[in-house]
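Convention: sequence-line order gives letters A, B, ...; per-chain numbering from 1.
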Number of protein chains: 2
Amino acid sequence: MAISSRFSVAVHILSLLEISKTERLTSEFIASSVNTNSVVVRRIMGMLNKAGIINTSPGVARAMISRPIAQISLLDVYLAVEIDHQDHLFSIHDKANPNCLVGKNIQHTLEQRFTQAQRAMENELASVTLEQIVTDLLVQDSSIPSTMTTINKG
Amino acid sequence: MAISSRFSVAVHILSLLEISKTERLTSEFIASSVNTNSVVVRRIMGMLNKAGIINTSPGVARAMISRPIAQISLLDVYLAVEIDHQDHLFSIHDKANPNCLVGKNIQHTLEQRFTQAQRAMENELASVTLEQIVTDLLVQDSSIPSTMTTINKG
DNA sequence: GATCCTGTAACTATTATAGTTACAGGTATG
DNA sequence: CATACCTGTAACTATAATAGTTACAGGATC
(Lines give C-alpha, C1' and ligand atoms only; values in the text may rest on other atoms or scores of the structure.)
Protein backbone atom coordinates (compact mmCIF):
# COMPACT_ATOMS: atom_id res chain seq x y z
CA MET A 1 0.00 0.00 0.00
CA ALA A 2 1.10 3.54 -0.59
CA ILE A 3 1.69 6.38 1.85
CA SER A 4 -1.71 7.35 3.21
CA SER A 5 -3.69 10.36 2.10
CA ARG A 6 -3.44 11.71 5.65
CA PHE A 7 -0.29 13.43 4.44
CA SER A 8 -1.95 15.24 1.56
CA VAL A 9 -4.98 16.08 3.69
CA ALA A 10 -2.70 17.51 6.37
CA VAL A 11 -1.02 19.78 3.84
CA HIS A 12 -4.45 20.79 2.60
CA ILE A 13 -5.57 21.71 6.11
CA LEU A 14 -2.43 23.70 6.83
CA SER A 15 -2.75 25.58 3.55
CA LEU A 16 -6.33 26.47 4.40
CA LEU A 17 -5.38 27.65 7.87
CA GLU A 18 -2.68 29.86 6.41
CA ILE A 19 -4.71 31.35 3.61
CA SER A 20 -7.68 31.95 5.91
CA LYS A 21 -5.73 32.85 8.98
CA THR A 22 -7.94 35.79 9.82
CA GLU A 23 -10.99 33.55 9.98
CA ARG A 24 -11.99 30.86 12.45
CA LEU A 25 -12.34 27.61 10.58
CA THR A 26 -14.37 24.79 12.08
CA SER A 27 -13.45 21.20 11.38
CA GLU A 28 -16.76 20.94 9.60
CA PHE A 29 -15.83 23.77 7.25
CA ILE A 30 -12.37 22.36 6.58
CA ALA A 31 -13.95 18.96 5.95
CA SER A 32 -16.15 20.51 3.27
CA SER A 33 -13.05 21.76 1.48
CA VAL A 34 -11.22 18.46 1.76
CA ASN A 35 -14.48 16.64 1.04
CA THR A 36 -14.36 14.23 3.92
CA ASN A 37 -15.80 13.79 7.39
CA SER A 38 -15.10 16.35 10.10
CA VAL A 39 -13.81 13.63 12.42
CA VAL A 40 -11.14 12.76 9.88
CA VAL A 41 -10.08 16.40 9.92
CA ARG A 42 -10.05 16.61 13.71
CA ARG A 43 -8.07 13.38 13.88
CA ILE A 44 -5.36 14.72 11.58
CA MET A 45 -5.37 18.11 13.28
CA GLY A 46 -4.86 16.25 16.53
CA MET A 47 -1.71 14.71 15.08
CA LEU A 48 -0.49 18.08 13.86
CA ASN A 49 -1.19 19.52 17.30
CA LYS A 50 0.69 16.73 19.02
CA ALA A 51 3.62 17.33 16.67
CA GLY A 52 3.64 21.02 17.59
CA ILE A 53 2.84 22.21 14.07
CA ILE A 54 -0.46 23.77 15.06
CA ASN A 55 -1.99 24.75 18.37
CA THR A 56 -5.60 23.81 18.92
CA SER A 57 -7.97 24.66 21.75
CA PRO A 58 -10.65 22.21 22.87
CA GLY A 59 -14.09 23.50 22.21
CA VAL A 60 -13.20 26.42 19.99
CA ALA A 61 -12.46 26.75 16.30
CA ARG A 62 -9.16 28.51 16.64
CA ALA A 63 -6.35 26.36 15.26
CA MET A 64 -3.19 28.40 14.85
CA ILE A 65 -0.11 27.43 12.89
CA SER A 66 2.62 27.50 15.51
CA ARG A 67 5.42 29.12 13.48
CA PRO A 68 5.99 30.87 10.16
CA ILE A 69 5.17 28.51 7.31
CA ALA A 70 8.58 29.16 5.78
CA GLN A 71 9.88 27.18 8.75
CA ILE A 72 7.59 24.19 8.27
CA SER A 73 8.71 21.59 5.76
CA LEU A 74 6.71 18.85 4.10
CA LEU A 75 8.87 16.42 6.05
CA ASP A 76 7.65 17.91 9.33
CA VAL A 77 4.08 17.30 8.21
CA TYR A 78 4.89 13.85 6.87
CA LEU A 79 6.46 12.76 10.13
CA ALA A 80 3.53 14.14 12.09
CA VAL A 81 0.90 12.06 10.33
CA GLU A 82 2.76 9.02 8.98
CA ILE A 83 3.70 7.67 12.35
CA ASP A 84 4.23 4.12 11.12
CA HIS A 85 6.79 5.23 8.55
CA GLN A 86 8.91 7.33 10.88
CA ASP A 87 11.13 4.36 11.52
CA HIS A 88 10.98 2.35 8.35
CA LEU A 89 9.34 3.03 5.03
CA PHE A 90 10.41 -0.40 3.76
CA SER A 91 9.34 -3.64 5.39
CA ILE A 92 11.91 -6.40 5.71
CA HIS A 93 10.92 -10.01 6.35
CA ASP A 94 12.36 -10.65 9.78
CA LYS A 95 12.41 -14.40 10.37
CA ALA A 96 14.83 -15.48 7.66
CA ASN A 97 16.72 -18.71 8.28
CA PRO A 98 19.91 -17.94 10.25
CA ASN A 99 21.50 -21.17 9.02
CA CYS A 100 21.64 -19.77 5.51
CA LEU A 101 24.22 -17.20 4.42
CA VAL A 102 21.58 -15.10 2.75
CA GLY A 103 19.01 -15.50 5.50
CA LYS A 104 21.55 -14.63 8.12
CA ASN A 105 22.74 -11.39 6.56
CA ILE A 106 19.97 -10.10 4.33
CA GLN A 107 18.23 -8.08 6.98
CA HIS A 108 21.23 -5.98 7.90
CA THR A 109 22.32 -5.58 4.30
CA LEU A 110 18.94 -4.36 3.13
CA GLU A 111 18.45 -2.12 6.12
CA GLN A 112 21.50 -0.10 5.07
CA ARG A 113 20.31 0.36 1.51
CA PHE A 114 16.66 0.95 2.33
CA THR A 115 17.54 3.56 4.91
CA GLN A 116 19.54 5.42 2.30
CA ALA A 117 16.62 5.39 -0.13
CA GLN A 118 14.25 6.55 2.57
CA ARG A 119 16.59 9.38 3.54
CA ALA A 120 16.74 10.55 -0.06
CA MET A 121 12.98 10.78 -0.15
CA GLU A 122 12.83 12.54 3.21
CA ASN A 123 15.51 15.03 2.20
CA GLU A 124 13.41 15.95 -0.79
CA LEU A 125 10.39 16.54 1.44
CA ALA A 126 12.56 18.53 3.84
CA SER A 127 13.55 20.87 1.03
CA VAL A 128 9.99 22.02 0.40
CA THR A 129 8.29 24.42 2.82
CA LEU A 130 4.63 25.07 3.35
CA GLU A 131 5.33 28.58 2.14
CA GLN A 132 6.28 27.19 -1.26
CA ILE A 133 3.15 25.06 -1.34
CA VAL A 134 0.93 28.03 -0.57
CA THR A 135 2.72 30.08 -3.21
CA ASP A 136 2.16 27.29 -5.73
CA LEU A 137 -1.52 27.19 -4.86
CA LEU A 138 -1.91 30.93 -5.32
CA VAL A 139 0.08 31.04 -8.54
CA GLN A 140 -1.83 28.18 -10.05
CA ASP A 141 -5.05 29.88 -9.21
CA SER A 142 -4.87 32.91 -11.44
CA SER A 143 -8.59 33.16 -12.11
CA ILE A 144 -10.15 33.30 -8.67
CA PRO A 145 -8.99 36.30 -6.63
CA SER A 146 -11.02 35.60 -3.51
CA THR A 147 -9.97 32.59 -1.54
CA MET A 148 -12.69 31.09 0.54
CA THR A 149 -15.75 33.16 -0.19
CA THR A 150 -17.22 30.88 -2.77
CA ILE A 151 -16.71 27.61 -1.05
CA ASN A 152 -19.68 25.32 -1.35
CA LYS A 153 -20.62 24.12 2.09
CA GLY A 154 -23.03 21.51 0.81
CA MET B 1 1.32 1.15 5.56
CA ALA B 2 4.88 0.63 4.52
CA ILE B 3 6.30 -0.82 1.34
CA SER B 4 5.59 -4.55 1.46
CA SER B 5 8.11 -7.20 2.37
CA ARG B 6 7.69 -8.67 -1.11
CA PHE B 7 10.54 -6.38 -2.08
CA SER B 8 12.96 -7.66 0.52
CA VAL B 9 11.88 -11.25 -0.12
CA ALA B 10 12.47 -10.75 -3.84
CA VAL B 11 16.01 -9.53 -3.20
CA HIS B 12 16.52 -12.50 -0.89
CA ILE B 13 15.37 -14.92 -3.59
CA LEU B 14 17.57 -13.34 -6.24
CA SER B 15 20.59 -13.41 -3.95
CA LEU B 16 20.01 -17.08 -3.27
CA LEU B 17 19.65 -17.86 -6.96
CA GLU B 18 22.91 -16.07 -7.68
CA ILE B 19 24.93 -17.58 -4.85
CA SER B 20 23.58 -21.06 -5.59
CA LYS B 21 23.45 -20.75 -9.31
CA THR B 22 24.99 -24.16 -9.91
CA GLU B 23 22.20 -25.82 -7.95
CA ARG B 24 18.52 -26.27 -8.71
CA LEU B 25 16.54 -24.60 -6.01
CA THR B 26 12.93 -25.57 -5.48
CA SER B 27 10.45 -23.02 -4.22
CA GLU B 28 10.17 -25.19 -1.12
CA PHE B 29 13.88 -24.87 -0.47
CA ILE B 30 13.92 -21.11 -1.06
CA ALA B 31 10.91 -20.79 1.24
CA SER B 32 12.87 -22.51 4.01
CA SER B 33 15.57 -19.88 3.70
CA VAL B 34 13.13 -16.97 3.63
CA ASN B 35 11.06 -18.73 6.28
CA THR B 36 7.73 -18.50 4.55
CA ASN B 37 5.38 -20.60 2.47
CA SER B 38 6.50 -21.94 -0.90
CA VAL B 39 3.48 -20.38 -2.59
CA VAL B 40 4.60 -16.95 -1.43
CA VAL B 41 7.95 -17.64 -3.08
CA ARG B 42 6.40 -18.88 -6.30
CA ARG B 43 4.11 -15.85 -6.37
CA ILE B 44 7.01 -13.43 -6.09
CA MET B 45 9.10 -15.42 -8.56
CA GLY B 46 6.17 -15.18 -10.93
CA MET B 47 6.36 -11.41 -10.69
CA LEU B 48 10.11 -11.44 -11.27
CA ASN B 49 9.57 -13.72 -14.25
CA LYS B 50 6.91 -11.45 -15.70
CA ALA B 51 9.28 -8.49 -15.29
CA GLY B 52 11.99 -10.34 -17.19
CA ILE B 53 14.39 -10.46 -14.25
CA ILE B 54 14.37 -14.24 -14.04
CA ASN B 55 13.29 -16.97 -16.39
CA THR B 56 11.28 -19.79 -14.91
CA SER B 57 10.09 -23.02 -16.45
CA PRO B 58 6.78 -24.58 -15.40
CA GLY B 59 7.26 -27.88 -13.67
CA VAL B 60 11.00 -27.70 -13.13
CA ALA B 61 13.15 -26.08 -10.48
CA ARG B 62 15.36 -24.13 -12.83
CA ALA B 63 14.92 -20.41 -12.30
CA MET B 64 17.68 -18.48 -14.03
CA ILE B 65 18.56 -14.85 -13.53
CA SER B 66 18.16 -13.37 -16.97
CA ARG B 67 21.21 -11.08 -17.07
CA PRO B 68 24.38 -10.32 -15.09
CA ILE B 69 23.46 -9.13 -11.61
CA ALA B 70 25.60 -6.04 -12.10
CA GLN B 71 22.91 -5.01 -14.57
CA ILE B 72 19.99 -5.51 -12.20
CA SER B 73 19.23 -2.64 -9.82
CA LEU B 74 17.14 -2.65 -6.68
CA LEU B 75 14.77 -0.38 -8.57
CA ASP B 76 14.22 -3.08 -11.18
CA VAL B 77 13.26 -5.49 -8.43
CA TYR B 78 11.16 -2.90 -6.64
CA LEU B 79 9.15 -2.10 -9.73
CA ALA B 80 8.66 -5.78 -10.44
CA VAL B 81 7.00 -6.57 -7.12
CA GLU B 82 5.52 -3.26 -5.92
CA ILE B 83 3.10 -2.92 -8.76
CA ASP B 84 0.80 -0.55 -6.88
CA HIS B 85 3.60 1.92 -6.27
CA GLN B 86 4.88 2.08 -9.82
CA ASP B 87 2.68 5.08 -10.46
CA HIS B 88 2.40 6.82 -7.13
CA LEU B 89 4.06 6.14 -3.80
CA PHE B 90 2.03 8.93 -2.20
CA SER B 91 -1.74 8.93 -2.06
CA ILE B 92 -3.54 12.21 -2.66
CA HIS B 93 -7.16 12.72 -1.64
CA ASP B 94 -8.90 13.19 -4.95
CA LYS B 95 -12.32 14.65 -4.33
CA ALA B 96 -11.36 18.00 -2.85
CA ASN B 97 -13.87 20.81 -3.23
CA PRO B 98 -13.28 22.59 -6.58
CA ASN B 99 -15.02 25.69 -5.28
CA CYS B 100 -12.18 26.31 -2.85
CA LEU B 101 -8.84 27.72 -3.91
CA VAL B 102 -6.99 25.06 -1.96
CA GLY B 103 -9.27 22.21 -2.96
CA LYS B 104 -9.07 23.21 -6.57
CA ASN B 105 -5.28 23.29 -6.82
CA ILE B 106 -3.90 21.09 -4.07
CA GLN B 107 -3.87 17.90 -6.11
CA HIS B 108 -1.72 19.26 -8.89
CA THR B 109 0.57 21.12 -6.52
CA LEU B 110 1.24 18.09 -4.36
CA GLU B 111 1.63 15.78 -7.32
CA GLN B 112 4.63 17.81 -8.46
CA ARG B 113 6.35 17.69 -5.08
CA PHE B 114 5.49 14.10 -4.29
CA THR B 115 6.75 12.91 -7.64
CA GLN B 116 10.06 14.61 -6.96
CA ALA B 117 10.38 12.88 -3.58
CA GLN B 118 9.48 9.55 -5.09
CA ARG B 119 12.04 10.01 -7.84
CA ALA B 120 14.75 10.73 -5.28
CA MET B 121 13.96 7.45 -3.55
CA GLU B 122 13.86 5.54 -6.81
CA ASN B 123 17.14 7.04 -7.97
CA GLU B 124 18.73 5.77 -4.80
CA LEU B 125 17.39 2.29 -5.45
CA ALA B 126 18.55 2.53 -9.04
CA SER B 127 22.09 3.21 -7.89
CA VAL B 128 22.40 -0.11 -6.08
CA THR B 129 22.87 -3.33 -8.04
CA LEU B 130 22.21 -6.89 -7.01
CA GLU B 131 25.93 -7.44 -7.39
CA GLN B 132 26.57 -4.98 -4.57
CA ILE B 133 23.97 -6.68 -2.41
CA VAL B 134 25.53 -10.10 -2.95
CA THR B 135 28.95 -8.65 -2.21
CA ASP B 136 27.61 -7.16 0.99
CA LEU B 137 26.14 -10.49 2.00
CA LEU B 138 29.43 -12.30 1.40
CA VAL B 139 31.54 -9.67 3.13
CA GLN B 140 29.30 -9.59 6.16
CA ASP B 141 29.49 -13.31 6.40
CA SER B 142 33.14 -13.76 7.22
CA SER B 143 32.70 -16.76 9.49
CA ILE B 144 30.76 -19.21 7.38
CA PRO B 145 32.59 -20.21 4.20
CA SER B 146 29.99 -22.60 2.80
CA THR B 147 26.78 -21.03 1.61
CA MET B 148 23.82 -23.31 1.62
CA THR B 149 25.12 -26.60 2.94
CA THR B 150 23.94 -26.17 6.50
CA ILE B 151 20.52 -24.80 5.82
CA ASN B 152 17.92 -26.21 8.11
CA LYS B 153 15.08 -27.52 6.03
CA GLY B 154 12.79 -28.01 9.02
C1' DG C 1 3.81 -44.24 -15.39
C1' DA C 2 5.35 -42.46 -11.00
C1' DT C 3 7.22 -38.57 -8.99
C1' DC C 4 8.42 -34.01 -8.39
C1' DC C 5 7.77 -29.31 -9.36
C1' DT C 6 5.54 -24.96 -10.95
C1' DG C 7 1.67 -21.85 -11.55
C1' DT C 8 -2.46 -20.36 -9.85
C1' DA C 9 -7.05 -20.20 -7.82
C1' DA C 10 -9.43 -19.77 -3.64
C1' DC C 11 -9.79 -19.07 0.98
C1' DT C 12 -8.42 -17.15 5.68
C1' DA C 13 -6.28 -14.03 9.05
C1' DT C 14 -4.35 -9.79 9.99
C1' DT C 15 -3.71 -5.00 9.60
C1' DA C 16 -4.16 -0.09 7.98
C1' DT C 17 -7.07 3.29 6.24
C1' DA C 18 -10.95 6.06 6.17
C1' DG C 19 -15.59 7.02 7.01
C1' DT C 20 -19.38 7.29 10.44
C1' DT C 21 -22.11 7.78 14.79
C1' DA C 22 -22.10 9.14 19.33
C1' DC C 23 -20.98 11.75 23.14
C1' DA C 24 -18.33 13.94 27.03
C1' DG C 25 -16.63 18.15 28.04
C1' DG C 26 -14.65 22.86 26.83
C1' DT C 27 -16.03 27.66 25.11
C1' DA C 28 -18.65 31.52 24.27
C1' DT C 29 -22.27 34.69 23.94
C1' DG C 30 -26.52 36.50 24.73
C1' DC D 1 -26.47 30.60 33.37
C1' DA D 2 -28.50 28.47 29.71
C1' DT D 3 -28.16 27.57 25.11
C1' DA D 4 -25.61 26.62 21.20
C1' DC D 5 -21.51 25.37 19.10
C1' DC D 6 -17.15 23.13 18.83
C1' DT D 7 -13.30 19.89 19.88
C1' DG D 8 -11.40 15.47 21.17
C1' DT D 9 -12.01 10.80 21.19
C1' DA D 10 -14.00 6.21 21.57
C1' DA D 11 -16.22 2.74 19.04
C1' DC D 12 -17.88 0.75 15.15
C1' DT D 13 -18.02 -0.34 10.02
C1' DA D 14 -16.36 -0.98 5.31
C1' DT D 15 -12.72 -1.59 2.28
C1' DA D 16 -8.37 -3.05 0.69
C1' DA D 17 -3.61 -4.91 0.84
C1' DT D 18 -0.63 -8.31 2.63
C1' DA D 19 0.74 -12.78 3.68
C1' DG D 20 -0.11 -17.41 4.77
C1' DT D 21 -2.47 -21.80 3.58
C1' DT D 22 -4.76 -25.68 1.05
C1' DA D 23 -5.67 -27.62 -3.18
C1' DC D 24 -4.93 -28.99 -7.68
C1' DA D 25 -4.11 -28.87 -12.80
C1' DG D 26 -0.55 -29.57 -15.73
C1' DG D 27 4.54 -29.60 -17.22
C1' DA D 28 9.08 -32.12 -16.76
C1' DT D 29 11.99 -35.97 -15.85
C1' DC D 30 13.55 -40.41 -14.92
Side-chain angles (χ1 to χ4, degrees), chain A residues 1-10 12-13 17 23-32 34-51 54-64 78 81-96 153, chain B residues 1-10 12-13 17 23-32 34-51 54-64 78 81-96 153:
Chain A
M1 204 185 291
I3 291 165
S4 82
S5 67
R6 280 197 304 272
F7 182 25
S8 68
V9 172
H12 186 140
I13 293 170
L17 289 176
E23 305 171 50
R24 306 236 166 127
L25 307 183
T26 66
S27 61
E28 195 69 44
F29 181 82
I30 297 173
S32 75
V34 175
N35 202 349
T36 184
N37 192 285
S38 61
V39 174
V40 172
V41 170
R42 293 202 289 274
R43 207 181 273 154
I44 292 172
M45 289 180 76
M47 291 176 173
L48 294 174
N49 183 53
K50 189 173 288 184
I54 65 177
N55 297 315
T56 63
S57 328
V60 59
R62 195 191 292 139
M64 307 281 286
Y78 172 83
V81 299
E82 297 294 323
I83 299 175
D84 287 349
H85 298 160
Q86 283 184 10
D87 282 347
H88 296 293
L89 178 62
F90 296 85
S91 307
I92 302 182
H93 60 295
D94 58 349
K95 316 176 304 280
K153 284 195 173 191
Chain B
M1 201 186 291
I3 290 165
S4 81
S5 67
R6 281 198 303 271
F7 183 25
S8 67
V9 171
H12 186 140
I13 292 169
L17 289 177
E23 303 169 53
R24 307 240 163 123
L25 307 184
T26 65
S27 61
E28 195 69 44
F29 181 83
I30 296 173
S32 74
V34 174
N35 201 350
T36 185
N37 192 284
S38 60
V39 174
V40 172
V41 171
R42 293 202 288 274
R43 208 181 273 155
I44 292 173
M45 289 179 75
M47 291 176 173
L48 295 173
N49 182 53
K50 189 174 289 185
I54 65 176
N55 297 316
T56 62
S57 329
V60 60
R62 194 189 294 138
M64 307 281 287
Y78 172 83
V81 298
E82 298 293 323
I83 298 174
D84 287 349
H85 298 162
Q86 284 185 9
D87 282 347
H88 296 293
L89 177 62
F90 296 85
S91 305
I92 302 181
H93 59 295
D94 58 348
K95 317 177 303 278
K153 283 196 173 189

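Within 4.0 Å of B/Ser57, counting heavy atoms only, lie sugar-phosphate atoms of the nucleic acid but no base atom. Base contact: A/Val39 has a heavy atom under 4.0 Å from a base atom. Across all strands, B/Arg24 comes closer than 4.0 Å to no nucleic acid atom at all (heavy-atom distances). Backbone-only engagement by B/Ser5 is indicated by non-hydrogen atom pairs under 4.0 Å involving sugar-phosphate atoms exclusively.
Atom-to-atom, CD1 of B/Ile3 to P of D/dA17 comes out at 16 Å; the value is rounded to the nearest Å. When the C1' atom of D/dA19 is taken as reference, atom CZ of B/Phe7 falls 18 Å away, rounded to whole Å. For B/Leu25 and C/dC4, the CG to P distance is 18 Å, given to the nearest whole Å. D/dC6 atom P lies 12 Å from atom CZ of A/Phe29, rounded to whole Å. Per the geometry, CG belonging to B/Asn37 stands 9 Å off C1' belonging to D/dT22, to the nearest Å. Separating the CE atom of B/Met47 from the C1' atom of D/dA17 is a distance of 11 Å, rounded to the nearest angstrom. Spacing between atom CG of B/Asn35 and atom C1' of D/dA19 amounts to 13 Å, rounded to whole angstrom units. Between A/Glu28 atom CD and C/dT20 atom C1' the separation is 12 Å, expressed in whole Å.
Distance from the side chain of A/Thr26 is smallest for D/dT7 among the nucleotides C/dT17, C/dT6, D/dT7. The B/Arg42 side chain lies nearest to C/dT6 when the options are C/dA28, D/dG20, C/dT6. Each of C/dA18, D/dT21, C/dA28 was ranked by its minimum atom distance to the side chain of B/Val40; first place goes to D/dT21. Distances from the side chain of B/Glu82 to the nucleotides D/dT7, C/dT6, D/dT18 place D/dT18 closest. The listed nucleotides are D/dG8, D/dG20, C/dT17; the one nearest the side chain of B/Thr36 is D/dG20. Taking the side chain of A/Ala61 as heavy atoms from C-beta on, and the options C/dA28, D/dA28, D/dC6, the nearest nucleotide is D/dC6.
With hydrogens and angles ignored, a donor-acceptor pair closer than 3.5 Å exists between the side chain of B/Arg43 and the base of D/dT21.
Shortest non-hydrogen contact noted between A/Ile54 and A/Asn49 is O-OD1, 3.1 Å. Taking both residues in full, the closest heavy atoms of A/Glu82 and A/Ile3 are given as CD-CG2, 3.6 Å, listed atom of the first, atom of the second, then distance. Of all heavy-atom pairs spanning A/Ala2 and B/Leu89, the tightest one is CB-O, 2.9 Å.
Remark: side-chain polar atoms of A/Ser5 are not paired, donor with acceptor, to backbone N or O of B/Ile92 under 3.5 angstrom. Using a distance-only test at 3.5 Å, with no hydrogens or angles considered, a donor-acceptor pair links the side chain of B/Ser8 to the main chain of A/His93.
A sub-4.0 Å separation between OP1 or OP2 of D/dT7 and a side-chain N or O of A/Thr56 is absent. Taking only side-chain nitrogens and oxygens, A/Arg62 never comes nearer than 4.0 Å to OP1 or OP2 of D/dC6. Between D/dT18 and A/Ser91, no contact under 4.0 Å exists linking OP1 or OP2 to a side-chain N or O. Distances shorter than 4.0 Å separate some side-chain N or O of A/Lys95 from OP1 or OP2 on D/dG20.
A perpendicular orientation is assigned to the rings of B/Phe90 and A/Tyr78, their planes being inclined by more than 60° (bins at 30° and 60°).
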